[in-house]
Amino acid sequence: MLRDAYKDLKERGFIYQETDAEALQKLLNSEPVTFYIGFDPTADSLHIGHLLPIMAMRRLQEAGHKPIALVGGATALVGDPSGKSEARPIMSKEIVAGNAAALKSQLSRFIDIDNSIFVNNADWFHDLLYIDFLRDIGSRFSVNKMLTAESVKMRLETGLSFLEFNYMILQAYDFSVLNREYGCKVQFGGQDQWGNIISGVDLTRRMNQAEVFGMTFPLLLNSQGQKFGKTAGGAVWLDPTRTPVFDYYQFWRNCDDADVGKLLCFFTSLPIEEIKALSALEAPAINRAKEILAYEATVLAHGKAEAEKAYLAACSKFGFSDPDNKIPTSSSVKDIKPAAGGVDDLPTFEVPAEELEGDGIWVVKLLAMSGLCNSNGEARRLIQGGGAYLNDERIGAVETNVTAADFNDGSLILKAGKKKVKRIIM
RNA sequence: GGUGGGAUUCCCGAGCGGCCAAAGGGGGCAGACUGUAAAUCUGCUGCGAUAGCUUCGAUGGUUCGAAUCCAUCUCCCACCA
């Protein structure tokens, strides 16, 4: 039983480019199709930038198709020049292998691993001899043509090493191998992958005499036209040790008004009609749409329990946008009781007792120690700028000291700006 | 291999031998305004309580004094072969 996966992707805005729309739609509606998406293990965690392909994978799987998740253990050693203005530092084989394992476990949160295939292209590139490779595969590529690829053209200005130049060929070969071994018929990828994908489609046709397809997803930009998923601290990661769940939730919660609808389509499974209604909400009610987005996205990445915690922590801090559940939604967020009362999931920091003796501890030092500020200097500037709060009262002077008297029942609340808070305990 | 150009604080980029912790922009942070949004305006943006300390690809040198001059090295880029 197949759902119309093509229509689903189309409606939700996933489709940017495709090789043969009509034939692809027909294929997806006539049989369970094996498809693949590749991820290069360039870090030990995926980040939000990877999420769009992952969500597409999930939707396709739910519609009855079979995903292959390819981890590029070999290609990461080469480095994809697509969409990058300069070469990345070359990574050691050990690091790449470690990253590959980490990615696999993260991917398994989003897709049903029992019904998917995990492969690592290091497996087939490992034994390939250079001369054989040149003869069998290299002979089928035209340098003239490769030079016209957007990803290559862009780098002709700044420089492109021969190593990176090969990337396209390697990725193309991946497709042909997956087609031969697993009957893989479609490759999906980000917008910048178009060149690599079509060269794979071409190569597979020539090597295997098989008709295969490619499709790319749009590049996500926020409404300012900046790359999506980057914040002050860099990328937003799926690994909770890199990006705490609360911050992950907040990333979505703080999205731009204009983007909520789009993001709900991509990153939640809510029905499209509901999304339309939510994103059409006016003024303050739009915040409910953001809460739903943040909650749903966090459920996917970190599980329901964690998402609830993040939701309650955020709402108890900033307020519930729809405490009475007036806005209809199918999201399970509506079942969370705001009345849970006393929910306080603030990160804590324990001050060593000796610091509080005598005159107490200098606030600047405490701010820096607790991790709210990166240095004493930053803490001082924060106070001078009026952005530091002790038990919700603005700290007026840099010279302030914190003593045991500032603690209520052994704890006090220290804020750096409106969004960074820590509970300090003694 | 030859010749020329370059490497500056998170990024881009300006820097006269002293007035440079280093112009300007971007980004970031904070404040005001708000809806935990956007836009706008304001302040801050190497470390340090101060004295001071460490930074301008690396290492040495010249000088009272070097991001600025010299030597060597490393890496990039361009043109030629």
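Computation of the quantities below employed the complete heavy-atom set of this structure, encompassing side-chain atoms and omitting hydrogens, waters and symmetry-equivalent molecules. It should be emphasised that the depicted structure is a prediction, and the values quoted were computed from it without experimental measurement. Each chain gets a letter, A, B and so on, in the order the sequences are listed, and its residues count up from 1.
Checking B:C16 for Watson-Crick or G-U wobble geometry (two distances, each under 3.5 Å) identifies no partner in any strand. Partner assigned to B:G43 is B:C29, using Watson-Crick or G-U wobble distances below 3.5 angstrom. In a base pair of the Watson-Crick type (N1 to N3 plus N6-O4 or O6-N4) or a G-U wobble (N1-O2 and O6-N3), with each distance short of 3.5 Å, B:G65 is matched with no nucleotide. Base pairing analysis places B:G60 opposite B:C70; the two distances defining the Watson-Crick or G-U wobble pair are each below 3.5 Å. Base pairing of B:U3 is made with B:A78, judged by Watson-Crick or G-U wobble geometry with both donor-acceptor distances under 3.5 Å.
B:C20 and B:A71: their P atoms are spaced 28 Å apart (whole Å). Atom name C1', nucleotides B:A22 and B:C12: the rounded distance is 16 Å, in whole Å. To the nearest whole angstrom, the two P atoms, one in B:U68 and one in B:G61, are 15 Å apart. Annotation: B:U72 and B:C77 have their P atoms spaced 23 Å apart (nearest Å). Rounded to a whole angstrom, the distance from the C1' atom of B:G28 to that of B:C75 is 29 Å. When the P atom is compared between B:U3 and B:A67, the two are found 31 Å apart, to the nearest whole Å. If you take atom P in B:U62 and the same atom in B:C44, they sit 41 Å apart, rounded to whole Å. Here the separation of B:G48 from B:A66, taken at their C1' atoms, is 24 Å to the nearest Å.
A side-chain donor-acceptor contact under 3.5 Å links A:Thr19 to the backbone of A:Gly214.
Defined by atom type and a distance below 3.5 Å, a donor-acceptor pair is missing between the side-chain atoms of A:Thr268 and A:Tyr295. Side chains of A:Asp174 and A:Asn121: a donor on one and an acceptor on the other come within 3.5 Å. Looking only at atom types and distance, the side chain of A:Asn144 has a donor-acceptor partner in the side chain of A:Ser142 under 3.5 Å away. Side-chain contact annotation: A:Gln187 with A:Gln193, donor-acceptor N/O pair under 3.5 Å absent.
Rounded to whole angstrom, the span from the CD1 atom of A:Ile361 across to the C1' atom of B:A49 amounts to 14 Å. Atom CZ in A:Phe251 sits about 13 Å away from atom C1' in B:A37, given to the nearest Å. Distance CG (A:Leu263) to C1' (B:A37): 13 Å, rounded to an integer number of Å. To the nearest angstrom, P of B:A37 lies 13 Å from CD of A:Glu291. At whole-Å resolution of the value, CG in A:Asn374 and P in B:C44 are 19 Å apart. Rounded to an integer number of Å, the gap from A:Leu281 CG to B:A37 C1' is 14 Å. Put simply, CD on A:Glu378 is 14 Å from P on B:A49, counting in whole angstrom units. When the P atom of B:A37 is taken as reference, atom CG of A:Leu278 falls 20 Å away, rounded to whole Å.
Aromatic ring orientation, A:Trp252 versus A:Phe267: tilted (interplanar angle from 30° to 60°). Between A:Phe246 and A:Tyr249, the two ring planes are parallel [angle under 30°; tilted spans 30° to 60°]. Classification of the A:Phe133-A:Phe125 ring pair by plane angle, with boundaries at 30° and 60°, yields perpendicular.
Note on A:Arg394: only backbone sugar-phosphate atoms sit closer than 4.0 angstrom, heavy atoms only; bases stay farther off. If you check every strand for non-hydrogen atoms under 4.0 Å, A:Gln250 touches a base. Within 4.0 Å (heavy atoms only), A:Lys418 reaches at least one base atom of the nucleic acid.
A salt bridge does not link A:Lys304 with A:Asp335: every distance from a Lys NZ or Arg NE/NH1/NH2 to an Asp or Glu carboxylate oxygen is 4.0 Å or more.
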Salt bridge (Lys or Arg N to Asp or Glu O under 4.0 Å) evaluation trace for A:Lys290 with A:Asp257: CA-CA 8 Å; A:Lys290 295 188 190 181; A:Asp257 282 10; 2.7 Å; yes
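Nearest-nucleotide positions on RNA chain B for A:Gly377 and A:Tyr249 put A:Tyr249 closer to the 5' end.
A heavy atom lying under 4.0 Å from RNA chain B marks the following residues of residues 385-393 of chain A, by number: A:Gly385, A:Gly386, A:Gly387, A:Tyr389. Within residues 297-308 of chain A, no residue is approached by RNA chain B to less than 4.0 Å at the level of any non-hydrogen atom.
OP1 or OP2 of B:C47 lies within a sub-4.0 Å distance of a side-chain N or O belonging to A:Arg381. Residue A:Ser375 places none of its side-chain N or O atoms closer than 4.0 Å to OP1 or OP2 of B:G46. For A:Asn376, no side-chain nitrogen or oxygen approaches OP1 or OP2 of B:C47 to under 4.0 Å.
For A:Asp256, counting side-chain heavy atoms from C-beta on, the closest listed nucleotide (B:A37, B:U36, B:A49) is B:A37. Considering only side-chain atoms of A:Asn254, the nucleotide from B:G48, B:U36, B:A49 that sits closest is B:U36. Out of B:A49, B:C29, B:A37, the shortest distance to the side chain of A:Leu382 is found at B:C29.
Residue A:Glu354 places its CD atom among more than 12 non-hydrogen atoms of other residues, nucleotides or ligands, all under 6.0 Å distant. Crowding of A:Lys317 atom NZ: a count of heavy atoms from other residues, nucleotides or ligands under 6.0 Å exceeding 12.
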